[in-house]
There are 2 protein chains.
Amino acid sequence: MLELRLVQGSLLKKVLESIKELVTDANFDCSATGFSLQAMDSSHVALVALLLRAEGFEHYRCDRNLSMGMNLNNVSKMLRCAGNDDIITIKADDGTDTVTFMFESPNQDKIADFEMKLMDIDSEHLGIPDAEYQAIVRMPSAEFARICKDLSSIGDTVIISVTKEGVKFSTAGDIGTANIVCRQNKTVDKPEQATIIEMQEPVSLTFALRYLNSFTKATPLSETVTISLSSELPVVVEYKIAEMGYVRFYLAPKIEDEEMNP
Amino acid sequence: MLELRLVQGSLLKKVLESIKELVTDANFDCSATGFSLQAMDSSHVALVALLLRAEGFEHYRCDRNLSMGMNLNNVSKMLRCAGNDDIITIKADDGTDTVTFMFESPNQDKIADFEMKLMDIDSEHLGIPDAEYQAIVRMPSAEFARICKDLSSIGDTVIISVTKEGVKFSTAGDIGTANIVCRQNKTVDKPEQATIIEMQEPVSLTFALRYLNSFTKATPLSETVTISLSSELPVVVEYKIAEMGYVRFYLAPKIEDEEMNP
DNA sequence: GATAACGAGG
DNA sequence: CCTCGTTATC
């Protein structure tokens, strides 16, 4: 028996909007500690990891570990039927192969329930090692989204270079080249407007903008994004979900030979 | 000679936006008592009835009954040229086959007139008997519109079931099922937010969501919608037009055999 | 032409 | 939070 009640239902709506472009089918894993998902994107290049900790729910009951396979587009269709201030409850009874999403309007006048069949999905649950990163950049998520969108109108890939002074995003395409430098800046009115760089050593890596632009669909989840970089390691683009967990996106850097012969 | 002056011209704009998706050509009937229209939708499944009473106009002159055939898309194109706070005058001289729409800006700085050829349209004017309905639901029009839109992302038809406690909208589709229950609620801040059920006996009927979604184009006309249901009778979805009349949509329920073999 | 996504205003 | 008006896209 599973019953998870989330008062801020809009959070779940945003989570699904942020990952459904990348992942079509995935298993949602429920345990006593939380609600999580890990899945490769359909072209097996990027990886999404979602965690919503049990403490973030108003009620969290999960009697035994459960892996529920769902088509994320269908989940998204159902969640779009929830109002932004609805309370969302996810239910699954033992011995059934369905999940129910229940939406309660704030004044309890409207109660909706949506039932969906679960699917069997093979998933290799990859252990993601905690790595030490050469550089970690924290910046406003809207600014990162704007940069990725802007650069993708010039080129297909971005070189992200971090030094102590700042982070540089560079691209090149048929029509020309572009460089956007964001300087470290801790002296701002609000901490979420800061750009902060924690650097062990300078690093410069190349990524496909197409995937980064998908990642930025998570921008509504957090004012801030954290980008963790190391040579030879996948970049981690993390959006924290207040009081509950995170959505993390992983993407392997392009190696230089690939850049020359795309 | 016909001359109708309507200070709140935006009303007429909204009326046309609400019915033009459903009906392409129709006769506008003018008599001493008011301005009305009755037409089937192009697939002959739904019926639209409009009434604007003479008292709602600032000037209303109609010397003899007149039936003016128009293409509603063309009328809508002209009315889109009127500002939302323009005063609209509809004119037709005897012995001509044209109608003139005149738009005056509030400060009288701009006066526009648009003349349109009338068309001959066969129309069987159906007498719509005043029926007793088993259940009449009054609810906020925006809420009804939201429900119809949400459910149509899951299924094609909706079962509307009314009991004393509330009204339930249910659908089923490939990805799952959905039920939305609205409880009767008279204790709200504003009367137009109430959901009120007048029920003689419980009723449950099935309708095509496609048509209901067209009906909800009339939502801007009224904060409130009234849904009148009886077994074997077409549902009536009514949007009252303040001080003037109404737009009513009629749609026959699907019978169960049709549900099974669509 | 209609819907979706975005940004501004109430 | 919702509504509107606009734009972009199919």
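In what follows, every chain begins at residue 1, and chains take the letters A, B, ... in the order their sequences are listed. All values below come from the heavy atoms of this structure, side chains included, with hydrogens, waters and symmetry mates left out.
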Which one, C:dA2, D:dT3, C:dA5, comes nearest to the side chain of A:Arg80?
C:dA5
In whole angstroms, the gap separating C1' of D:dC2 from CG of A:Asp85 amounts to 10 Å
Centroid separation A:Phe114 to A:Phe103 less than 6.0 Å
yes
Which residue lies toward the 5' end of DNA chain D, B:Arg146 or B:Asn84, if each is placed at its nearest nucleotide?
B:Arg146
Can you check the A:Lys149 NZ to C:dG7 C1' distance for me, whole Å?
12 Å
Return the value, rounded to whole Å, for the distance between atom CD1 of A:Ile87 and atom C1' of D:dC1.
16 Å
Less than 4.0 angstrom from a charged side-chain N to a carboxylate O is my criterion; do A:Glu115 and A:Lys91 meet it?
no
With a 4.0 Å cut-off, would you call B:Glu192 and B:Arg138 a salt bridge?
no
Expressed as a whole number of angstroms, how long is the span from B:Lys14:NZ to D:dC4:P?
8 Å
Distance in angstrom units between B:Glu192 CD and D:dC2 P, rounded:
17 Å
Rounded to whole Å, how long is the line connecting atom CD of B:Glu143 with atom C1' of D:dT3?
16 Å
A:Lys13 atom NZ is separated from C:dA4 atom P, nearest whole Å, by 13 Å
Side chains of B:Tyr239 and B:Thr216: donor-acceptor distance under 3.5 Å anywhere?
no
I need the CD-P distance between B:Glu17 and C:dA2, as an integer number of Å.
9 Å
